[in-house]
Amino acid sequence: MTEVAISSSPLGDFAAPDPARLAVAIKPPRVLAVANQKGGVGKTTTAINLGTALAAIGEDVLIVDLDPQGNASTGLGLDRRNRRYSTYDVLTAQAPLRDAIVSTAVPRLHVAPSTLDLSGLELEIGQSRDRAFRLRNALASLNAQGSTRFTYVLVDCPPSLNLLTVNAMAAANAIVVPLQCEFFALEGLSQLLKTVESVRAQLNPELTIHGIVLTMFDARNNLSSQVVADVREFMGAKVYDTIVPRNVRVSEAPSYGKPVLVYDLKCSGSEAYLRLATEVIQREKNYSRNEALP
């Protein structure tokens, strides 16, 4: 798929979302995009298990699968044959988001699945003036319909900075960045931060980095510890305290169509994602408190 060069597209090239639609929702959910253009860093694993952990502590969570591979959908036990509507249908305006949402085996956790059709989305809507706001428009009236009122929406992004990722960032309040404890971690992070700045300047001035979650940490590897130190020095308080360890149970769980918290609640990976969910909630409280200050 051709990547979107955001920095070269002036804001005027995009059509702003309809204000009337944005006003419909009684209380919009907090939208967190789980993004990193590098593959294999734990984006989908983080989206699935952070969503499960948030649901476990009482939040109503929707995971929006924007990756054409559909791993978040499969990892939550949703068979490809049972995906009547997908995020492709939503972004091409063939179906409302509400029709694409399906429940999962985890109470209070829902998913809007993806299909391989998403791979061709850029060719279909690439010339539309509202192409960057399709997801934002779809989410605008989410809590005004039906009985489920979501408090969080987690958007699982593809491993590239393309139109799908741009849609996620344009719709999000903040970004959760999974970062693998490996040698090139900071190099990839720098590119992502540049993209965030471009999106903030052109499409979504309220976008922030919610936090960086360090994943696949191996305590036996000195390099992992060095990466943790470097990222904390570079990003400071933006890095979550929680570090997700490399854990075989986390890797096994998707093959059973289950989040690791369902597959093995007591493993170190499950405990890490529960701590991460607690951190996310605390940061949200701090955010709300700061917003309320004069």
Side-chain angles (χ1 to χ4, degrees), residues 1-4 6 31-52 61-92 94-95 97 100-102 104 109-126 131-132 134-136 138-139 152-172 174-180 188 191-192 195-196 199 210 213 215-216 244 250-251 253-255 257-260 273:
M1 185 181 296
T2 305
E3 293 193 354
V4 176
I6 311 172
V31 181
L32 304 179
V34 184
N36 190 327
Q37 78 277 12
K38 288 176 65 66
V41 299
K43 285 187 301 297
T44 298
T45 299
T46 297
I48 290 174
N49 292 297
L50 175 57
T52 301
V61 182
L62 170 65
I63 294 177
V64 175
D65 192 348
L66 281 194
D67 189 341
Q69 298 177 83
N71 291 335
S73 309
T74 305
L76 287 168
L78 188 61
D79 192 288
R80 293 183 184 275
R81 294 169 295 183
N82 296 332
R83 302 175 194 181
R84 181 182 178 190
Y85 295 109
S86 71
T87 48
Y88 168 81
D89 299 303
V90 174
L91 296 181
T92 55
Q94 297 181 53
L97 178 59
I101 295 172
V102 295
T104 70
L109 180 65
H110 295 71
V111 61
S114 79
T115 60
L116 282 172
D117 293 332
L118 272 179
S119 298
L121 181 76
E122 199 155 333
L123 292 175
E124 295 190 43
I125 70 170
R131 62 189 179 275
R134 293 294 181 96
L135 181 60
R136 182 190 292 189
L139 290 170
Y152 284 94
V153 173
L154 303 181
V155 185
D156 184 31
C157 297
S160 58
L161 299 175
N162 58 21
L163 184 58
L164 292 168
T165 303
V166 170
N167 261 268
M169 291 186 180
I175 300 176
V176 174
V177 184
L179 199 68
Q180 185 179 0
Q191 180 60 45
L192 179 66
T195 302
V196 171
V199 171
H210 194 280
V213 53
T215 63
M216 305 181 195
V244 180
V250 173
S251 301
S255 64
K258 297 178 180 180
V260 70
Y273 279 111

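Everything numeric in this text was worked out from a predicted model, so none of it was measured.
Side chain of Asp89 to main chain of Ala95: no donor-acceptor pair is present (N/O by atom type, distance under 3.5 Å, no hydrogens or angles). Formation of a donor-acceptor pair under 3.5 Å by the Asn167 side chain with backbone atoms of Arg136 is not found in this model. A side-chain donor-acceptor contact under 3.5 Å links Lys43 to the backbone of Lys38.
Closest of all the heavy-atom pairs between Leu154 and Ala47 is CD1-O, 3.6 Å. Of all heavy-atom pairs between Leu116 and Pro68, the closest is CD2-O, 3.5 Å. What you find for Ala138 and Val90 is that their closest heavy atoms are CB-CG1, 3.5 Å. Closest approach of Ser251 to Pro254, counting heavy atoms only: O-CD, 3.4 Å. Here the shortest heavy-atom pairing between Asp65 and Ser73 reads OD2-OG, 2.7 Å. For Leu66 against Ala168, the heavy-atom pair with the smallest separation is CD1-CB, 4.1 Å.
In this structure, the side chains of Ile175 and Met169 come closer than 4.5 Å at one or more pairs of heavy atoms. No side-chain heavy atom of Thr45 sits less than 4.5 Å from a side-chain heavy atom of Thr215. Tyr273 places a side-chain heavy atom less than 4.5 Å from the side chain of Val244. Between Tyr85 and Gln94, the closest side-chain pair of non-hydrogen atoms is not below 4.5 Å. Using a 4.5 Å heavy-atom cutoff, the side chains of Leu164 and Cys157 are not in contact. Looking at heavy atoms from C-beta onward, Gln37 lies out of side-chain contact with Thr195 at the 4.5 angstrom threshold. Contact of the Val34 side chain with the Pro178 side chain is registered, since non-hydrogen atoms from C-beta on lie closer than 4.5 Å. Residues Leu78 and Thr104 have side chains not in contact (no heavy-atom distance under 4.5 Å, counting atoms from C-beta outward).
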**Request:** Begin with the C-alpha distance, continue with both residues' side-chain angles, and end with the deciding distance and a verdict on side-chain contact (heavy atoms from CB on, under 4.5 Å) for Leu179 and Val41.
**Result:** CA-CA 6 Å; Leu179 199 68; Val41 299; over 6 Å; no
**Request:** Just do the side-chain contact (heavy atoms from CB on, under 4.5 Å) check on Leu91 and Leu118 with the steps written out, would you?
**Result:** CA-CA 9 Å; Leu91 296 181; Leu118 272 179; 4.1 Å; yes
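Using modelled atom types, one finds no donor on one side chain facing an acceptor on the other under 3.5 Å when comparing Thr44 with Asn71. In the model, Asp67 has no side-chain atom that pairs as donor or acceptor with a side-chain atom of Ser114 under 3.5 Å.
Going from atom CG of Leu139 over to atom CG of Leu97 covers 6.0 Å, rounded to the nearest 0.5 Å. Annotation: the span from Thr52 atom OG1 to Ile63 atom CD1 amounts to 6.0 Å, rounded to 0.5 Å. Note that OG1 of Thr92 is 6.5 Å distant from CD of Glu124, once rounded to the nearest 0.5 Å.
Partner of Val155 under the side chain to side chain contact (heavy atoms under 4.5 Å, CB included) criterion, out of Leu32, Thr165, Val31: Val31 alone.
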